[in-house]
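Chain identifiers are assigned alphabetically (A, B, ...) following the order of the sequence lines, protein sequences preceding nucleic acid strands; residue numbering begins at 1 within each chain.
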2 protein chains.
Amino acid sequence: MADVTERMLGLLSTLQTGRPFSGDELTRRLNVSPRTLRRDVDRLRGYGYPVETQPGPGGYYRLAAGRTMPPLVLDDDEAVATLLALASLAATGTSTEGGIDDAATRAYGKLDQFLPARLRPRVTSIRASLETSPQHAPGVTAHQLSVVAETISEHEMIAFTYTNARGERTDRRVEPYRQVHHLLRWYLLAWDGEREDWRVFRMDRVTDVVRTGEPFEPRPLPAGSALDYLRQGLNKGKEPVRIRVDAPAATVIDVLKFQDAEIHPIDDQHTTITLALDSWQWLILNLAFLEADFHISEGADFAAACRTFGERLMGATRT
Amino acid sequence: MADVTERMLGLLSTLQTGRPFSGDELTRRLNVSPRTLRRDVDRLRGYGYPVETQPGPGGYYRLAAGRTMPPLVLDDDEAVATLLALASLAATGTSTEGGIDDAATRAYGKLDQFLPARLRPRVTSIRASLETSPQHAPGVTAHQLSVVAETISEHEMIAFTYTNARGERTDRRVEPYRQVHHLLRWYLLAWDGEREDWRVFRMDRVTDVVRTGEPFEPRPLPAGSALDYLRQGLNKGKEPVRIRVDAPAATVIDVLKFQDAEIHPIDDQHTTITLALDSWQWLILNLAFLEADFHISEGADFAAACRTFGERLMGATRT
DNA sequence: AAGATGCGGTCAGGATCTGGCCACATCTGT
DNA sequence: ACAGATGTGGCCAGATCCTGACCGCATCTT
């Protein structure tokens, strides 16, 4: 009895010629019974190969090659971009069965079979010459993301188990609205009925997703986009802060150009910054780049965060 | 446990990427024991696929060029991964005409034609429900990357103009060896004949690539991999820093995801970070986000910067 | 030398495969 | 309409293969 995989590879090779073969002919080639041949054909179909048949006199099995690889209208750049996108995603994850990175790896290994013959040498040369830096990111399964996407489209509630950052598990039942990809993480924006509020979940902490079959009436999103809401969630509160800096206004404007702040010169060498603080860490980064002394005139919470972090920095350097 | 044939086809796809994979990584992807993996590799060898290995630290399995691949189909997860990869790459860049992100955006819009009809509803629902966060990264054209890949494969010298970080332009003529994707940037590892040494170039600073038609005799790479050499080059002249953090490794990995650092757990609640210091300000930002105590074990310059900035923060809060 | 990788034999238990048999569906040619 | 030649899929008992665990070993790097 031959190795099954070997036989399947042989059958694939035979069928990829695109010719029709009668069952009788295939059983002779493979040296198996007609029943086993039928199982083999079913097996190929299970893997996604579109094997066509026709019963009756002159009946046959045939691999519908034209449907496996439909004519592609990707131009050269698009094909290369697809390849590079897969290479990049393949390097992002934990190499777990079912993970997106695993699926991306396999797709990356197959892509040339879906491109016109003229692009194959290019794919081969890119693959041979490209290295990607591994990037650790929490695993999410392609299956879970696509199930959730379908329930969003169909306005169907889902239930799942959520594990928060401290390891506590809760069962949730929500209306799903958007999935967001942000800084190597996948998030779900959903309405939580029990809490009567919007919630953002990290998809790598979501397990045991179940489709409830229960439809919901869509409600308006809580912000312009799910991404906006996600960002707001990551930045709590907005404390008014005023800082006097020992630096010229022009310097301050240059360093704080990505910060939404009001900047006024006091004199040639001193400047006032006024802003609504959303992240003390990002403001500290800007102040670090300024490399100038400063004084916090307003903003007790920010001052407290600075004191705490300052103490921490001093403590870190003690031997 | 997957059907053996299915698993072998998946393993073939994975190995076809040309990358080296450790046994550990493959066992995780395939969800089998190490012993079974070894049998699978033997099985592939028996079918004529030349799988190379290297034992010892950094050991791996890799598929050498040789045997033709059987016809392969995209499974559901692979199709989803392709879609997500394109979505992610489309959001990464500067939206410049000709850039990879531009091509990825177009391919993302065309993916349906790529896929069997049964997957179309899934693609549609993912597209409708997914948002991706824009990520600014230096732009590179798909055309340039593929031209360079071809010259690497064909051992052909290229000429180009290079603009360094200070804006100075030089003409270069080099032997190209590898393109590397690392932390959102594309690099080229090449041998520079004039300088008689290896050089790493950022591809977004490379312009006016010209194929010279002149072949070169390949020389051995300067390190185990181009990525290793790239890391050494990027780290050259930077201060080695070692920090002990009172936080679990998983938390640290989460926060330092865009930092090129080695992160090792000491125990459940303590972690060591080892890195070459690029910018003390950016590292301080990461440490601020960690919200945990830490101690600097190595890196006198960094410690001094922390002390100075700590004093500045403390001074800023005095009334 | 220690440790991290790959290697291959052996075993018991479990899983899958096989050919034969059967009733059935579909198609073509007379 | 019918006969015959094709493909279809369930069921069964017996045979075969696969698996993880265990073990001792080889190779490579630091």
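- The side chain of B/Arg43 contributes no N or O atom lying less than 4.0 Å from OP1 or OP2 of C/dG8.
- Atom CD in B/Glu52 sits about 17 Å away from atom P in D/dT27, given to the nearest Å.
- One atom, CG of A/Leu26, and another, P of D/dT8, lie 11 Å apart when rounded to the nearest Å.
- A/Arg43 and B/Glu6 are not joined by a salt bridge, as no carboxylate oxygen comes within less than 4.0 angstrom of a charged side-chain nitrogen.
- In the helix from C/dA1-D/dT30 to C/dT30-D/dA1, the end axes, each obtained as the rotation axis mapping the C1' atoms of four pairs onto the next four within a five-pair block, lie 60° apart to the nearest 10 degrees.
- Residues B/Thr36 and A/Asp42 both approach DNA chain D. Their nearest nucleotides, taken by heavy-atom distance, put A/Asp42 toward the 5′ side.
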Seminar exercise, completed: Protein-proximity profile, nucleotides 9-14 of chain C, B/S/- by nucleotide at the 4.0 Å heavy-atom cutoff, equals BB----

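- Distance OH (A/Tyr61) to P (D/dT6): 12 Å, rounded to an integer number of Å.
- Backbone-only contact: A/Gly59 has heavy atoms under 4.0 Å from sugar-phosphate atoms and none from a base.
- The side chain of A/Val4 approaches C/dC17 more closely than any other nucleotide in the set D/dG7, D/dT29, C/dC17.
- Ion pairing of B/Asp42 with B/Arg38 is absent here, as no side-chain N (NZ or NE/NH1/NH2) approaches a carboxylate O to less than 4.0 Å.
- With salt bridges taken as basic N to acidic carboxylate O contacts below 4.0 Å, one links B/Asp197 and B/Arg199.
- At least one side-chain heavy atom of B/Val41 sits less than 4.5 Å from a side-chain heavy atom of B/Tyr61.
- In this entry the distance linking CZ of B/Arg7 with P of D/dC18 reads 9 Å, nearest Å.
- The distance between atom CD of B/Glu6 and atom P of C/dT16, rounded to the nearest whole Å, is 13 Å.
- Applying the 6.0 Å contact sphere to CG of A/Asn31 captures no more than 12 heavy atoms from other residues, nucleotides or ligands.
- Note on B/Ser33: a base of the nucleic acid sits closer than 4.0 angstrom, heavy atoms only.
- Whole-Å rounding puts the A/Met8 CE to D/dC17 C1' distance at 16 Å.
- B/Tyr177 has its ring centre less than 6.0 Å from the ring centre of B/Phe216.
- Mapping B/Gly58 and A/Asp40 onto DNA chain C by nearest heavy atom places B/Gly58 at the nucleotide closer to the 5' end.
- If you measure from atom CG of B/Leu37 to atom P of D/dC18, you get 15 Å, rounded to the nearest angstrom.
- Heavy atoms of B/Val41 sit nowhere under 4.0 angstrom from any nucleic acid atom.
- A salt bridge links A/Arg127 with A/Asp112: the distance from a Lys NZ or Arg NE/NH1/NH2 to an Asp or Glu carboxylate oxygen falls below 4.0 Å.
- Under the 4.0 Å criterion applied to side-chain N and carboxylate O atoms, B/Glu25 and B/Arg19 are assigned as salt-bridge partners.
- Residue-level contact check: A/Arg62 touches neither bases nor backbone, having no heavy atom under 4.0 Å from any strand.
- Residues passing the ring-ring contact (aromatic ring centres under 6.0 Å, His included) test with A/Tyr162, sequence neighbours excluded: A/Phe201.
- Comparing C/dG8, D/dT19, C/dT28 against the side chain of A/Gln54 picks out C/dT28 as the nearest.
- No hydrogens or angles considered: a donor-acceptor pair under 3.5 Å links the side chains of A/Asp3 and B/Tyr47.
- When the nucleotides D/dG7, C/dT18, C/dT5 are ranked by their closest atom to the side chain of A/Pro55, D/dG7 comes out on top.
- Proximity note for B/Pro57 (side chain, C-beta onward) versus D/dG7, C/dG3, C/dG6: the nearest is C/dG3.
- For the OP1/OP2 pair of C/dT28 and a distance below 4.0 Å, the side-chain nitrogens and oxygens of A/Tyr60 include no atom meeting the criterion.
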